[in-house]
Amino acid sequence: MTGRSARVAERIRAFAGLDPPAWLLEARLAERARALGLDLMRYLELASGDGDEAAREQAALADLLRVGETRFFRHRAHVTALRERVIPERAQAAARERRPLSAWSAGCATGEEAFTLALLLDEAEPPSGFEVLATDLSEEALACARRAIYPAERVAEVPAALRARGFDGESVRPSLRARVRFERHNLTGARYPT
């Protein structure tokens, strides 16, 4: 990795907490330089610099480097733990405190996991209601999440009873969408959303 590439890596680590392998960073740097019509050295100067333009490029690179893998009912063991233990316990605590059950889906990507959480909470019917905050660094991913429309093959992963409860075809029902708030948030920041 060249000196400028290493500086870009430091900037990405500070900005988004990402520490990609050198081969991946080099590939994304070259991809982004081509997209902007710049030679690699000029792009490295831009992306390793200071100021608003450099910050925009660092954000664009972070978007290219993030994992972004998401799907409904991903990690079945986690879903089971949420359904059988976490949600019932937290719902009881929220009811005792006379407040809605709040949940946070950090790094929500395009929303499938946030809506999985909302479906599980809706199924549990906490007596005091519920709300989900879903955050991600990528505005592009958040825009997809806010649309709440998913191809049929992705919605097919949702268990039939919950699909009937939470979807109209490929769209998340408005009543469920209203329970999920999407916001841009950088997990490396000092402030945590409330």
Side-chain angles (χ1 to χ4, degrees), residues 8 11-20 24-25 27-38 43 46-47 51-75 78-79 82 100 102-122 129-158 162-163 165-194:
V8 172
R11 297 292 179 120
I12 296 299
R13 194 171 16 264
F15 173 74
L18 299 172
D19 192 13
L24 179 60
L25 178 61
R28 295 302 180 259
L29 288 168
E31 178 182 332
R32 188 72 182 141
R34 276 191 309 275
L36 294 176
L38 299 173
Y43 181 71
L46 170 65
D52 292 343
E53 191 176 8
R56 281 191 296 276
E57 277 313 304
Q58 291 156 14
L61 278 170
D63 214 28
L64 288 173
L65 291 165
R66 67 185 180 83
V67 174
E69 180 187 353
T70 186
R71 64 182 181 275
F72 290 103
F73 288 80
R74 182 177 175 210
H75 301 304
H78 296 171
V79 169
L82 284 168
S102 297
W104 179 20
S105 177
C108 70
T110 53
E112 288 92 330
E113 292 173 38
F115 285 121
T116 295
L117 183 55
L119 284 164
L120 294 172
L121 289 165
D122 190 57
F130 71 90
E131 57 196 16
V132 176
L133 171 62
T135 63
D136 200 89
L137 184 60
S138 170
E139 282 294 349
E140 185 178 333
L142 289 168
C144 290
R146 288 181 185 112
R147 280 192 294 276
I149 299 171
Y150 300 95
E153 65 272 7
R154 295 189 83 162
V155 174
E157 297 177 26
V158 178
L162 292 177
R163 193 169 54 242
R165 185 179 189 120
F167 287 86
D168 288 320
E170 298 179 352
S171 300
V172 176
R173 289 185 189 271
S175 59
L176 193 64
R177 285 174 69 175
R179 303 277 192 142
V180 183
R181 186 176 86 234
F182 292 98
E183 291 182 5
R184 184 176 185 280
H185 180 70
N186 188 336
L187 292 174
T188 64
R191 179 190 67 86
Y192 281 84
T194 53

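Quick note: residue numbers are just sequence positions, from 1. It should be emphasised that the depicted structure is a prediction, and the values quoted were computed from it without experimental measurement.
- Residue Phe115 comes nearest to Arg177 through the heavy atom pair CE2-CA, 4.1 Å, listed as atom of the first residue, atom of the second, then distance.
- Summarising the geometry, atom CG belonging to Leu176 is positioned 12.0 Å from atom OG belonging to Ser171; distances are rounded to the nearest 0.5 Å.
- Under the salt bridge (charged side-chain N to carboxylate O under 4.0 Å, His left out) criterion, Arg173 pairs with Asp168, sequence neighbours left out.
- No more than 12 heavy atoms of other residues, nucleotides or ligands sit less than 6.0 Å from atom CD of Glu140.
- The salt bridge (charged side-chain N to carboxylate O under 4.0 Å, His left out) check on Arg179 picks up nothing, with sequence neighbours excluded.
- Judged by distance alone, the side chain of Arg154 and the main-chain N or O of Glu112 form no donor-acceptor pair under 3.5 Å.
- Distance check, rounded to the nearest 0.5 Å: CG of Asp136 to CD of Glu113 gives 10.5 Å.
- Here Asp52 pairs with nothing under the salt bridge (charged side-chain N to carboxylate O under 4.0 Å, His left out) rule; sequence neighbours left out.
- Heavy-atom minimum distance, Leu142 versus Cys108: CD2-SG, 3.9 Å.
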Extract all donor-acceptor atom pairs below 3.5 Å that involve side chains of residues 143-152 and protein atoms in other chains or at least two apart in sequence.
from	atom 1	to	atom 2	distance (Å)
Arg146	NH2	Phe182	O	3.1
Tyr150	OH	Thr110	O	2.7

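- Between Gln58 and Leu61, the closest side-chain pair of non-hydrogen atoms is not below 4.5 Å.
- Here CG of Asp122 is found 8.5 Å from CG of Leu162. Values are rounded to the nearest 0.5 Å.
- The salt bridge (charged side-chain N to carboxylate O under 4.0 Å, His left out) check on Glu31 picks up Arg28, with sequence neighbours excluded.
- Here the straight-line distance linking atom CZ of Phe73 with atom CG of Leu117 works out to 10.0 Å at 0.5 Å rounding.
- For Leu133 against Glu183, the heavy-atom pair with the smallest separation is CD1-CD, 3.8 Å.
- Judged as a side-chain hydrogen bond (donor to acceptor under 3.5 Å, both in side chains), and not counting sequence neighbours, the contacts of Ser102 are Glu131.
- Legend: residues meeting side-chain contact (heavy atoms from CB on, under 4.5 Å) with Arg163, ordered by chain and number and at least two apart, are Val155, Val158, Ala160, Phe167.
- Every side-chain hydrogen bond (donor to acceptor under 3.5 Å, both in side chains) that Glu57 has, sequence neighbours left out, goes to Arg32, Tyr43.
- Note that the CG atom of Leu119 and the CG atom of Leu82 stand 12.0 Å from one another [nearest 0.5 Å].
- Summarising the geometry of Val180 relative to Ala114, their closest heavy-atom pair is CG1-CB, 4.3 Å, with the distance given to 0.1 Å.
- Here the straight-line distance linking atom CD of Glu53 with atom CG of Leu46 works out to 4.5 Å at 0.5 Å rounding.
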